[in-house]
**Student:** 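Would you mind keeping the following structure in view while I ask a few things?
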Amino acid sequence: MSENQFILNLVEGSVRFQFTPNAARELKEAIDQLMQTFKAAATKAAKTPGRGARPTPQKTMEYRYAGDIFLEIFCNPNIYPTPFAAKVLVTVRDDRIRITSEAQLTQLVEDINVYLDKVGE
């Protein structure tokens with residue numbers, strides 16, 4: 001049972017819940033796409049230096065998982081200059097409790113990698 005426990009480190013504290021390896025891979029793919037969004041925006045900004053250029057709005061990342069719990073992760077890349085500064089809004093809930101908090105994007109990436117290593121993915 002504890003093998004599928006995912007530990008998500010928040011800005012203050014952490015939350016642990018049942019999570020499947022397949023769901024973790026899907027979340028990792030969503031985050032990889034978000035990272036590509038940051039990379040593309042940075043590349044475009046580097047190619048078009050100047051104060052008057054307005055950046056192209058990027059699509060937000062929204063991930064949802066419904067299993068033993070409901071997990072929602074949201075990130076708007078338009079409000080952060082780099083993925084290292086980015087935060088994600090996290091909601092974890094079931095029929096008895098709801099937790100909404102923030103986590104650092106880089107910490108979420110590390111948490112997913114640790115989990116996948118632990119379950120042998």
**Student:** Do Q18 and Q5 have side chains that approach each other closer than 4.5 Å (heavy atoms only, starting at C-beta)?
**Tutor:** yes

**Student:** With rounding to the nearest 0.5 angstrom, report the OH to CZ distance, Y115 to R25.
**Tutor:** 9.0 Å

**Student:** Less than 4.5 Å apart, side chain to side chain, heavy atoms only: is that true for L105 and M35?
**Tutor:** yes

**Student:** For residues 75-92, pull every pair meeting salt bridge (charged side-chain N to carboxylate O under 4.0 Å, His left out), keeping only residues two or more places apart or in separate chains.
**Tutor:** K87-E102

**Student:** Which pair of heavy atoms, one from Q104 and one from F84, lies closest together, and at what distance?
**Tutor:** OE1-O, 4.1 Å

**Student:** Does a side-chain heavy-atom distance below 4.5 Å link L71 with T91?
**Tutor:** no

**Student:** With R96, which residues qualify under salt bridge (charged side-chain N to carboxylate O under 4.0 Å, His left out), at least two apart?
**Tutor:** D94

**Student:** Looking at Q58, is its backbone amide N or carbonyl O close enough to the side chain of N78 to form a donor-acceptor pair, meaning the two atoms are under 3.5 Å apart?
**Tutor:** yes

**Student:** When you look at I31 and I112, which way does the side-chain contact (heavy atoms from CB on, under 4.5 Å) test go after all the steps?
**Tutor:** CA-CA 10 Å; I31 291 173; I112 293 167; 3.4 Å; yes

**Student:** State, yes or no, whether a side-chain contact exists between F17 and V92 at a heavy-atom distance under 4.5 Å.
**Tutor:** yes

**Student:** Which word best sums up how the rings of F19 and F6 line up, parallel for under 30°, tilted for 30 to 60°, or perpendicular for over 60°?
**Tutor:** tilted

**Student:** Work out which heavy atom in Y80 is nearest to a heavy atom in A85; give both atom names and the distance.
**Tutor:** CD2-O, 3.4 Å

**Student:** Heavy-atom distance under 4.5 Å between the side chains of F74 and M61, does that happen here?
**Tutor:** no

**Student:** Apply side-chain contact (heavy atoms from CB on, under 4.5 Å) to residues D111 and I7 and explain how you reach the verdict.
**Tutor:** CA-CA 7 Å; D111 292 343; I7 301 170; 6.0 Å; no

**Student:** Which atoms form the tightest heavy-atom contact between A24 and L116, and what is the distance?
**Tutor:** CB-CD2, 3.7 Å

**Student:** Which distance, rounded to the nearest 0.5 Å, do you find between the CD of E72 and the OH of Y65?
**Tutor:** 15.0 Å

**Student:** Will you find, in the side chains of Q36 and D32, an N or O donor that is under 3.5 Å from an N or O acceptor?
**Tutor:** no

**Student:** In the structure I gave you, are the side-chain heavy atoms of P83 and L34 within less than 4.5 Å of one another anywhere?
**Tutor:** no

**Student:** Between CD of Q33 and CZ of F38, what distance do you get to the nearest 0.5 Å?
**Tutor:** 13.5 Å

**Student:** Check each of N113, L8, N9, L10 against L108 using the side chain to side chain contact (heavy atoms under 4.5 Å, CB included) test, and report the only one that passes.
**Tutor:** L8

**Student:** Atom CD1 in I69, atom CZ in R16: separation rounded to 0.5 Å?
**Tutor:** 14.0 Å

**Student:** Give the cluster check for I97 versus L89: same hydrophobic cluster or not, with ILVMFWY residues linked at side-chain heavy-atom distances below 4.5 Å.
**Tutor:** no

**Student:** Between K28 and E26, does at least one N-O distance fall below 4.0 Å, as a salt bridge requires?
**Tutor:** no

**Student:** Can you find a pair of side-chain heavy atoms, one from V109 and one from T106, that are under 4.5 Å apart?
**Tutor:** no

**Student:** Would you give the length of the straight line joining atom OG1 of T37 to atom NZ of K59, rounded to the nearest 0.5 angstrom?
**Tutor:** 9.0 Å

**Student:** From I73 CD1 over to L27 CG, what is the distance, rounded to the nearest 0.5 angstrom?
**Tutor:** 4.5 Å

